[in-house]
2 protein chains.
Amino acid sequence: MVKTKVDSEELILDAARKVFTRKGMTGARMQEIADEAGINKALLHYYFRNKKQLFDAIFDDVFPRFIPALIQILNSDNSIEEKLSHFVSHYIDEFSHKAYIPVFILNEIHQNPERLASMSMAIEGMKTSRFMVQISEGIETGLYHPIKPAHLLSNLISLSVFPLISQPLLTRVFQMDDKEYMQFLEEKKKLIPELILESIKRN
Amino acid sequence: MVKTKVDSEELILDAARKVFTRKGMTGARMQEIADEAGINKALLHYYFRNKKQLFDAIFDDVFPRFIPALIQILNSDNSIEEKLSHFVSHYIDEFSHKAYIPVFILNEIHQNPERLASMSMAIEGMKTSRFMVQISEGIETGLYHPIKPAHLLSNLISLSVFPLISQPLLTRVFQMDDKEYMQFLEEKKKLIPELILESIKRN
DNA sequence: GTCTATAAGCAGATAGAC
DNA sequence: GTCTATCTGCTTATAGAC
């Protein structure tokens, strides 16, 4: 039995995600979310008692949404080289037009570190992924230099995320237009895996 | 002639910087700034007509404050190796207890990209620094691989900033206490310059 | 469940005394 | 220059009809 009528709760969540991730908790307005959802403010309070509850519902869901695909890449049967390449490409493609998402997450975490609770489980999967096991093995067999997991993962994420969230700055300073910036990101997809590999490979 | 009386305008600016950089434009409250400054709201409006003008005064000043020291490092007579090391160390020391500053800047730029205007001049100095000239020379003489300035600088900044702004996440995921995190940053001071050098040096 | 109307509280901004 | 008191408008939240 097909429901033709759309679910208001879903409409609200979609609208709230859009507004909150762009404007942040303090910058978002319940009226704007209602307008975006095509309903009225009262209905927001009917489904989610107040602004904070609605925000929490969004925040707790934003991060976990993106993690499974990344974990899957790290847990595949591919080589380390392929995983690095897939990971970076996926990451960049996912956020190249949504850089406001990582900025939103970083900002809200700094506003209220307790919000981390909903995120750390999602990240746990990266720490314990097959990729990290492969790295450990490479180190044990002498193929790679010893490197702490924290350093390896932070390098990988740093190099992937920052070019995205600093886009406004980068394009201005280096006078790139949209096309040049997208080209820049394509180059990153090759350069980042190379850089990470060079950093761990023994000569 | 020593003025014993403190300058109210300075008190306000100091307080506003503190509150705005932590809470952001939309999260900050004029009342909180007044309290922090030890004066009342009316005086805020006496010196700065409205919230936006006060915010602009702060924002336009935050970024330029940190740039000259970095430019100076890049323009010194030191070797590339020393410059990289000094740059990263200075960066990390400067922001290890103020990671909310780069988060604030990133967030506000994404809220309103026009704000970039006050920043790009400050960054211009990095692009045209003696460091970048040394890199160009290294490339011309075949000492280094060819690399676009945008990639080199973005790698350097990415690796330096992200470990700072992602501190809450990192420390949680890798279960570091404060001491271990500071140790982690100390290691970064060595690892980042090494990584950057490896990426450009010919074997 | 969904709406209109309205209450209640808050934050930015101003008036005016000192 | 600095304060207290107050206003105005906006934003969240609720009441109550349908």
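Keep in mind that what you see is a predicted model, and the values were worked out from it rather than measured. Protein chains get the first letters and strands the later ones, always in sequence-line order, with residue 1 at the start of each. Below, each value reflects all heavy atoms present in this structure, side chains not excepted, and no hydrogens, waters or symmetry copies.
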Q: Any luck finding a side-chain donor-acceptor pair between A/Lys83 and A/Ser129 under 3.5 Å?
A: no
Q: Would you say the side-chain atoms of A/Asp35 and A/Gln31 include a donor-acceptor pair closer than 3.5 Å?
A: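 Yes, because at least one side-chain N or O of A/Asp35 sits under 3.5 Å from a partner of the opposite role on A/Gln31.
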Q: Looking at DNA chain C, which of residues 9-29 of chain A put a heavy atom within less than 4.0 Å of it?
A: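 DNA chain C contact set from residues 9-29 of chain A: none.
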Q: Quick one: sort the A/Phe87 and A/Tyr91 rings into parallel, tilted or perpendicular, breaks at 30° and 60°.
A: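 Taking A/Tyr91 first and then A/Phe87, their aromatic rings sit tilted (interplane angle of 30° to 60°).
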Q: Which donor-acceptor pairs under 3.5 Å do side chains of residues 192-199 of chain B form with protein atoms, sequence neighbours excluded?
A:
from: B/Ser199; atom 1: OG; to: B/Ile196; atom 2: O; distance (Å): 2.6

Q: For DNA chain D, find the residues of residues 34-61 of chain B with a heavy-atom distance under 4.0 Å and give them by number; none if there aren't any.
A: B/Ile39, B/Asn40, B/Ala42, B/Leu43, B/Tyr46, B/Tyr47
Q: Which heavy atom of A/Ile71 sits nearest to which heavy atom of A/Met126, and what is that distance?
A: CD1-N, 3.3 Å
Q: Quick one: which of A/Lys179, A/Glu187, A/Glu186 gives a side chain to side chain donor-acceptor pair (under 3.5 Å) with A/Gln183?
A: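 Exactly one candidate clears the test, A/Glu187.
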Q: Could you check whether the rings of A/Phe95 and A/Phe66 sit parallel, tilted or perpendicular, using 30° and 60° as the cut-offs?
A: tilted
